[in-house]
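Take this structure, written in structure tokens, and hold onto it; I'll ask about it next.
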Amino acid sequence: MRLTKEGRAEDSSAKHPQAKPFHNRALPKSFVFLLLGIAIVSEVTGATTLKLSCGFSVFPFNIITVVCYGLSISLLIVILKYLPLGLTYGIWGGLGSAATMVVGVVLWGDPFTPLMAVALVIIVAGTYLLNAGTDEIEAKRKP
């Protein structure tokens, strides 16, 4: 939505169709998911080094945190040109949260209960279902 000169709201989506893929070339879906995996690992590394930076006071870890989050967001920018927002963010956020929880349990002895184990399984299953649902819709769109 945007405002016209007269102050009325106008839907700008009709005038600005979805951006074309990066350099007008399609990337293979497997490569896009590889980029998503790298974005997730980068985000988990950023979260881990954020804790290690002790409030951004330990020099190497604060730099690593900024670089990792910057890389993760930069990759998401490219990935969103090829995958739907809900799928991309669902996988990135879900698997990133699950992996970060596992890192916390392993490195710092964060609590891990049976209920948390069930939640972890639900996150992974939900991520799978998001992808399967998207694949189903894409299969119906193809002639």
Is there a side-chain contact between Tyr89 and Leu80 (heavy atoms, below 4.5 Å)? no

Thr65 vs Ser53, side chain to side chain donor-acceptor pair (under 3.5 Å): CA-CA, chis, key distance, verdict: CA-CA 8 Å; Thr65 299; Ser53 75; 4.9 Å; no

Sequence-distant partners of Lys51, salt bridge (charged side-chain N to carboxylate O under 4.0 Å, His left out), two or more places apart: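 Here no residue qualifies.
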
More than 12 heavy atoms from other groups under 6.0 Å of OH on Tyr128: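 Incorrect, the count does not exceed 12.
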
Same cluster or not: are Val41 and Leu83 linked, directly or through other Ile, Leu, Val, Met, Phe, Trp or Tyr residues, by side-chain heavy atoms under 4.5 angstrom apart? no

Rounded to the nearest 0.5 Å, what separation is found between the CG atom of Leu27 and the CD1 atom of Ile79? 10.0 Å

Determine the minimum heavy-atom distance between Leu75 and Ala39, stating which atoms define it.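 Heavy-atom minimum between the residues: CD1-N, 3.7 Å.
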
Spatial distance of atom NZ (Lys81) from atom CG (Leu76) [nearest 0.5 Å]: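 That separation rounds to 13.0 Å.
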
Keeping Thr49 on the side-chain end and Gly46 on the backbone end, is there a donor-acceptor pair under 3.5 Å?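 Here the side-chain-to-backbone pair exists.
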
Between Leu50 and Phe61, is a side chain to side chain contact (heavy atoms under 4.5 Å, CB included) present by the stated rule, with each step listed? CA-CA 7 Å; Leu50 183 61; Phe61 295 117; over 6 Å; no

Minimum heavy-atom separation for Ser74 to Gly70, with atom names?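 It is OG-O, 2.8 Å.
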
CZ/Phe31: more than 12 non-hydrogen atoms of other groups inside 6.0 Å: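 No, not enclosed.
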
List the steps and the verdict of side chain to side chain contact (heavy atoms under 4.5 Å, CB included) for Ser72 and Trp92. CA-CA 9 Å; Ser72 186; Trp92 181 77; 2.9 Å; yes

Taken to the nearest 0.5 Å, the spacing of Ile91 CD1 from Thr127 OG1 works out to 6.5 Å

For Val103 and Trp108: C-alpha separation, side-chain torsions, deciding distance, then whether side chain to side chain contact (heavy atoms under 4.5 Å, CB included) applies. CA-CA 8 Å; Val103 168; Trp108 291 287; 4.1 Å; yes

Roughly how far apart are Ile137 CD1 and Leu87 CG, rounded to 0.5 Å? 10.0 Å

Would you say Val124 ends up clustered with Val118 if hydrophobic residues are merged whenever their side chains have heavy atoms under 4.5 Å apart, either directly or through other cluster members? no

Treating Ile, Leu, Val, Met, Phe, Trp and Tyr as nodes and any side-chain heavy-atom pair under 4.5 angstrom as an edge, say whether Tyr69 and Val78 lie in one connected cluster. no

Test log, rule side chain to side chain contact (heavy atoms under 4.5 Å, CB included), inputs Leu120 and Val102: CA-CA 9 Å; Leu120 192 61; Val102 171; 4.1 Å; yes

Nearest 0.5 Å, what's the CG-NZ distance between Asp135 and Lys29?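 One gets 3.5 Å once the value is rounded to the nearest 0.5 Å.
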
For the residue pair Gly90 and Leu130, what are the closest heavy atoms and their distance?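 Of all heavy-atom pairs spanning Gly90 and Leu130, the closest is CA-CD1, 3.8 Å.
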
Pairwise distance OG(Ser97) to CD1(Ile40) - rounded to 0.5 angstrom: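 It comes to 10.0 Å.
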
For atom CZ of Phe33, is the number of surrounding heavy atoms from other residues, nucleotides or ligands below 6.0 Å larger than 12? yes

Would a hydrophobic clustering, with Ile, Leu, Val, Met, Phe, Trp and Tyr connected at side-chain separations under 4.5 Å, put Leu95 with Val32?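 Yes, same cluster.
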
Compare every heavy atom of Ile123 with every heavy atom of Ala98, then report the nearest pair and how far apart it is. CB-CG2, 4.2 Å

Heavy-atom check, side chain of Asn62 versus side chain of Ser57, under 4.5 Å: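 No; the side chains remain at least 4.5 Å from each other.
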
Please answer: with hydrophobic residues joined when any side-chain heavy atoms are less than 4.5 Å apart, are Leu34 and Val44 in the same cluster?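 Result: yes, single cluster for both.
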
